[in-house]
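Just below is one structure, and these are the notes that go with it.
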Amino acid sequence: MKRIAGAIALYLVIGVALAAESAPQTPEELQATLCMLARERILQFDRGDREVWSRHVADGYVIATPFGPVRTKAEVMDGFGPPPKGYRDVFGFEDVHVRRDGDTAVLSYVIDEHEFWDEQKYVIPKLRKTDTYVLRAGRWLVLASQETFIPAEYKVASIDPAVFPKYVGRYQLMRSLSYEVSVEDTHLLLREDGKPEAKVLLPISADTFFAKGASAQYIFVRGEHGQVTHFLIRDNGYDITVRKTL
């Protein structure tokens with residue numbers, strides 16, 4: 001009986017989504033429709049329901065996974081299977097953005113998700129997912145997806161702002177690209193020449209900083225006499241040297 005009731009509820013949800021797809025939609029209605037479809041795909045994947053999942057997905061579908069491989073619709077469906085007993089997946093969407101251009105729509109959102117294996121809870125790193133939909137015969141089908149893990153933000157260390165003036169000066173990456181490091185109030189600022197906005201550098205440690213919303217670290221390096229000679233922009237395992245000129 002529970003299985004029948006669940007199936008009825010599922011087809012009611014799908015019916016509402018299909019009815020919404022066939023009618024003109026406001027941006028808010030489109031967002032609600034696409035989020036509903038995205039949610040259904042996740043639920044059906046977790047349940048191992050190939051048939052219902054496939055209805056929302058174009059035959060030419062591809063997904064770029066956060067680990068690098070690109071998988072087709074058939075390859076995704078090969079991974080379907082019933083969940084083990086005791087497994088639960090709890091998720092929600094954050095920071096949702098929708099753009100439509102004719103019969104194409106893009107849905108970008110952050111998935112906040114955690115799994116339960118019996119009573120053990122596993123928090124999955126937050127993921128930014130972007131789905132591209134096409135409108136075919138009055139229905140939105142997802143054609144492509146891109147997934148990227150969102151790096152955990154660095155923790156701000158407690159540093160005495162009195163050390164910040166040691167970093168102040170002009171720095172040059174190449175002839176056409178220079179930076180100025182300055183102090184305002186108790187904040188260390190990094191401004192690229194020609195850019196109106198400065199980045200606020202927040203300390204990870206005494207000589208290492210980051211800017212909110214970015215993955216790079218800015219590491220100030222000292223010479224033999226303790227004076228700063230350059231800083232490194234460290235990102236994705238690579239260092240770029242920016243020499244101090246003044």
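Below, all heavy atoms of this structure are taken into account, side chains as well, without hydrogens, waters or symmetry copies. Residues take their numbers from the sequence shown, with the count starting at 1.
Arg191 contributes no side-chain N or O that, together with a main-chain N or O of Ser182, makes up a donor-acceptor pair within less than 3.5 Å. Between the side chain of Tyr154 and the backbone N or O of Ser215 there is at least one donor-acceptor pair closer than 3.5 Å. Between the side chain of Arg100 and the backbone N or O of Gly102 there is at least one donor-acceptor pair closer than 3.5 Å. Side-chain N or O atoms of Lys244 include none that pairs as donor or acceptor with a backbone N or O of Gly169 at under 3.5 Å. Distance alone, capped at 3.5 Å, places no donor-acceptor pair between the Asp118 side chain and the Gln120 backbone. The backbone N or O of Ala162 lies less than 3.5 Å from a partner atom in the side chain of Asp160, making a donor-acceptor pair.
Taking Ile, Leu, Val, Met, Phe, Trp and Tyr as hydrophobic and joining them when side-chain heavy atoms fall under 4.5 Å apart, one finds Val183 in a cluster with Ile159, Val163, Phe164, Tyr167, Val168, Tyr171, Leu173, Met174, Leu177, Tyr179, Val181, Leu188, Leu190, Leu201, Phe209, Tyr218, Phe220, Val228, Phe231, Ile233, Ile240, Val242.
A search for side chain to side chain contact (heavy atoms under 4.5 Å, CB included) contacts involving Lys121 returns His114, Phe116, Val123, not counting sequence neighbours. Residues passing the salt bridge (Lys or Arg N to Asp or Glu O under 4.0 Å) test with Asp193, sequence neighbours excluded: Arg170.
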**Study point:** Criterion salt bridge (Lys or Arg N to Asp or Glu O under 4.0 Å) on Asp78 and Arg71, from CA distance to verdict
**Key:** CA-CA 10 Å; Asp78 283 343; Arg71 304 195 184 282; over 6 Å; no

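Contact of the Asp131 side chain with the Leu34 side chain is not registered, since no non-hydrogen atoms from C-beta on lie closer than 4.5 Å.
Heavy atoms from other residues, nucleotides or ligands lying under 6.0 Å from NZ of Lys129 number more than 12. Residue Glu94 qualifies as enclosed at atom CD: its count of foreign heavy atoms under 6.0 Å is above 12.
Partner Phe45 forms a ring-ring contact (aromatic ring centres under 6.0 Å, His included) with one of Phe91, Phe80, Trp53 and no other, that one being Phe80.
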